[in-house]
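Each remark here refers to the structure printed beneath this line.
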Amino acid sequence: GDIQDPPGRLPVTLLFLSFQLYQMFSYILDYLPGPHNNLFIETDAIKAFVAEEVKLHQASLDPSAPQDFIDCFLSKMQEVRRHNINVPIITNLLWNPRDLRTKVQEEIDRVVGRSRRPCVADRTQMPYTDAVVHEIQRFITLIPMSLPHAVTKDVHFRDYVIPKGTTVFPLLSTALYDSKEFPNPTEFNPGHFLNQNGTFRKSEFFIPFSAGKRICPGEGLARMEIFLFLTAILQNFTLKPVVSPEELSITPTLSGTGNVPPYYQLCAIPR
Ligand code: HEM
């Protein structure tokens, strides 16, 4: 294209990260002086360029005769979209299907009751809620490509040699959507983390925080907070979307370093 190669000065990975951080924290960064402000302008130029290219390609798209990579990508997007219509809409998981929410609330009522707040020690007695939290993290795959790493020596992997210094993105999504480990992986189903008898089923494929020496150091804190927030809210409230559940989309608004969930309004109805 005729764009002035603005990202050429930055390694691609840095550009990806900056783009994501800008999307997520622009409201803070906009107030700070510094060279990042140029990056934002350049990022806007890239976005405008991409939008224009997509528009042109969409106008001339013939899925049976793709002209280039963008055509192939657009065709695949259409295919996936068609496929996804059959996936039950779960409205960020807590309203629909109905029994999911009521089962979590029943478990909270049985194990915690209404007179005290939930605590972390309750989790071991709440396999269903624990499974729902795991399934949310598996399903949304918040950070699908982990963070970029580099190999410290030549690595032989299957039929390939990855030379020392190569940047690699570990695709956590391939484990989280593994169809042998999690049958029908595109469906939201807490059963992915439950044994037949209803006890919690641990899975080595559950790696939303990555794995190995550089695993997310915030894992313990994040998991504790997600559990406590969710259970404390559902102990006291039922969450209801303000539009009909079918109208809610759970497709991320941005996919890249992170799958950024869409915003929507909901009502918290006291129980
Ligand atoms: C649901 C919440 C979270 C998810 C899904 C998540 C996921 C991740 C992932 C996939 C990585 C990359 C690991 C790798 O390089 O292989 C990471 C790194 C990291 N996370 Fe998290 N994280 C979460 C919450 C947190 C929290 C709450 C903190 C801090 C309080 C935190 C701090 C960090 C830090 C400092 C790193 C870099 C570690 C390193 O490079 O050695 N994260 N996280």
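In this chain, numbering begins with 1 at the start of the sequence shown. Start at 1 and go down the list; that is how both ligands and their atoms are numbered. No hydrogens, no waters, no symmetry mates; every other heavy atom, side chains included, goes into these values.
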Distance flag, aromatic centroids of H134 and F200, threshold under 6.0 Å: yes
So is R138 actually on top of Y177's ring, under 6.0 Å and inside 45° of the axis? yes
What is the closest protein heavy atom to atom 15 (O) of ligand 1, and at what distance does it sit? H149 NE2, 2.6 Å
Give a yes or no on whether the backbone of D71 and the side-chain of D68 come within a donor-acceptor separation of less than 3.5 Å. yes
Sequence-distant partners of T141, side chain to side chain donor-acceptor pair (under 3.5 Å), two or more places apart: none
What protein heavy atom sits nearest atom 10 (C) of ligand 1, and how far away is it? P208 O, 3.5 Å
Enumerate the atoms of ligand 1 whose separation from the nearest heavy atom of L147 is less than 4.0 angstrom. 12 (C), 15 (O)
Ionic contact status for D130 with R201, cut-off 4.0 Å: no
By number and element, which atoms of ligand 1 are closer than 4.0 Å to a non-hydrogen atom of Q137? 1 (C)
Is E225 near ligand 1, meaning one of its heavy atoms is under 4.0 Å from it? no
Closest heavy-atom contact between I226 and V133? CG2-CG1, 3.8 Å
F205 vs F182 aromatic rings, parallel, tilted or perpendicular, using cut-offs 30° and 60°? perpendicular
Looking only at protein heavy atoms, which one is nearest to atom 30 (C) of ligand 1, and how far off is it? L221 CD2, 3.7 Å
NZ/NE/NH1/NH2 to OD/OE distance under 4.0 Å, R271 and D109: yes
Which atoms of ligand 1 are found less than 4.0 Å from any heavy atom of R214? 13 (C), 14 (C), 15 (O), 16 (O), 39 (C), 40 (O), 41 (O)
Within a distance under 4.0 Å of any heavy atom of S146, pick out the atoms of ligand 1 and give their elements. 10 (C), 12 (C), 13 (C), 14 (C), 15 (O), 16 (O)
Please give me the protein atoms (N, O or S only) lying under 2.8 Å from atom 21 (Fe) of ligand 1, ordered by chain and number. C216 SG
Would you mind checking which non-hydrogen protein atom is closest to atom 16 (O) of ligand 1, with the distance to 0.1 Å? S210 OG, 2.6 Å
Between the side chains of K103 and E107, is the shortest nitrogen-to-carboxylate-oxygen separation below 4.0 Å, so that they form an ion pair? no
Grab the two heavy atoms, one from I143 and one from L172, that are nearest each other, plus how far apart they are. O-CD1, 3.4 Å
